[in-house]
Chemist: 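What follows is a structure written as structure tokens; I'll ask about it next.
Note that the structure is predicted; figures quoted are calculated from it, not measured.
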Amino acid sequence: MLGVGYIVGLRVGGIMLGGGVLSYLVLIPMIKFFGSASPDALVFPATKPIAAMGIDDIRNAYVLYIGAGAVAAGGIISMARSLPTIVSSLRAGLSSLGSDKGKTEVVRTERELSMKTVLLGALGVITAISLSPFFPVGFLGALLMGLFAFLFVTVSGRLTGEIGSSSNPISGMTVATLLLTCLIFLAADWVGPEHRLGALTIAGVVCVAASVGGTTAQSLKTGALIGATRGGSRSR
């Protein structure tokens with residue numbers, strides 16, 4: 001808490017410390033206590049009874065997925081809080097799809113990427129992935145890639161912008177993507193080996209997207225702090 005709190009602040013450092021305390025002093029002992037009541041208690045995804053598991057075994061088999069669920073919930077909450085900004089940005093972007101007549105000239109450093117370019121690029125990526133033989137996911141899988149990438153890139157960018165790339169939970173977001181994708185595939189009765197490979201592919205692509213999003217946010221934040229061109233108006 002002292003080391004990380006010095007970098008990210010007392011509140012965020014306290015939350016991170018609280019997560020560790022909850023995991024190692026509450027969740028792991030509770031799982032061990034109740035699981036040891038039966039010598040044969042075995043809950044998926046563990047491969048051996050809870051009574052025979054150590055601290056690291058319980059963490060990797062259970063607490064890791066609890067943390068991934070917390071990351072997914074945090075992402076949904078973050079998206080809900082960001083909805084006004086997202087809606088206003090989409091509204092402004094969609095309005096730019098119309099005619100350019102009557103619009104004032106914008107300074108180069110204040111111009112945003114055209115929404116037409118964003119939509120065409122996203123559609124092109126989804127179409128290419130759905131048709132590519134190297135991505136065995138089909139159109140639904142490609143659409144899930146786009147949706148989860150939109151969700152977790154937003155989370156990654158916000159966390160990196162507010163805290164830093166060292167606190168970007170890439171692994172948690174990847175596991176959350178895999179869990180949600182598997183639930184959707186299970187509901188659609190896609191349980192074959194090829195569908196397992198597709199779920200892993202979706203999680204891998206979203207992992208890369210979230211990583212790139214966080215890295216980009218880190219670069220932009222660093223530029224704004226040192227007075228780079230894009231952050232010039234804010235520094236003034």
Chemist: Under a single-linkage definition using a 4.5 Å side-chain heavy-atom cutoff for Ile, Leu, Val, Met, Phe, Trp and Tyr, are Phe44 and Phe34 assigned to the same hydrophobic cluster?
Modeler: no

Chemist: Do Asp40 and Leu42 make a side-chain contact, defined as non-hydrogen atoms from C-beta onward lying under 4.5 Å apart?
Modeler: no

Chemist: Rounded to the nearest 0.5 Å, what separates atom CG in Leu178 from atom CD1 in Ile202?
Modeler: 9.5 Å

Chemist: So if you build clusters from Ile, Leu, Val, Met, Phe, Trp, Tyr with side-chain heavy-atom gaps below 4.5 Å, do Ile50 and Val63 land together?
Modeler: yes

Chemist: Looking at Ile55, I'd like to know if its CD1 atom is crowded, meaning that more than 12 non-hydrogen atoms belonging to other residues, nucleotides or ligands lie closer than 6.0 Å.
Modeler: no

Chemist: Between Tyr62 (side chain only) and Val43 (backbone N and O only), is there a donor and an acceptor less than 3.5 Å apart?
Modeler: yes

Chemist: Measuring from atom CD1 of Ile226 to atom OG1 of Thr222, what distance do you get when rounded to the nearest 0.5 angstrom?
Modeler: 7.0 Å

Chemist: If the plane angle is over 60° it's perpendicular, under 30° parallel, otherwise tilted; pick one for His195 and Phe185.
Modeler: perpendicular

Chemist: Pick out which of Leu200, Leu197, Leu143, Ile129 makes a side chain to side chain contact (heavy atoms under 4.5 Å, CB included) with Val137.
Modeler: Ile129

Chemist: Among residues at least two apart in sequence or on other chains, which ones pass side-chain hydrogen bond (donor to acceptor under 3.5 Å, both in side chains) with Ser156?
Modeler: Asn168

Chemist: Within the 4.5 Å heavy-atom criterion, are Thr174 and Val206 side-chain neighbours or not?
Modeler: no

Chemist: How long is the straight-line distance from NZ of Lys32 back to CE of Met53, given to the nearest 0.5 Å?
Modeler: 8.0 Å

Chemist: Hydrophobic clustering (ILVMFWY, side-chain heavy atoms < 4.5 Å, transitive) - are Leu17 and Val26 grouped together?
Modeler: no

Chemist: Pick one: which of Ile66, Ile58, Val21 meets side chain to side chain contact (heavy atoms under 4.5 Å, CB included) with Leu27?
Modeler: Ile66

Chemist: For the residue pair Ala41 and Gly35, what are the closest heavy atoms and their distance?
Modeler: CB-O, 3.5 Å

Chemist: Same cluster for Leu147 and Leu180 if Ile/Leu/Val/Met/Phe/Trp/Tyr side chains link at under 4.5 Å?
Modeler: no

Chemist: Got a second to check how far Leu140's CG is from Met145's CE, nearest 0.5 Å?
Modeler: 10.5 Å

Chemist: Give the minimum heavy-atom separation between Pro39 and Pro49, together with the two atoms involved.
Modeler: O-CB, 3.3 Å

Chemist: Look up atom OG1 in Thr177 and atom CZ in Phe152, then write down how far apart they are to the nearest 0.5 Å.
Modeler: 4.0 Å

Chemist: Tell me whether Phe148 shares a hydrophobic cluster with Ile170, the cluster being built from Ile, Leu, Val, Met, Phe, Trp, Tyr side chains joined at under 4.5 Å.
Modeler: yes

Chemist: To the nearest 0.5 Å, what is the distance between CG on Leu22 and CE on Met30?
Modeler: 8.0 Å

Chemist: Flag the pair Val212 / Val208 as yes when at least one side-chain heavy-atom distance between them is below 4.5 Å, and no otherwise.
Modeler: yes

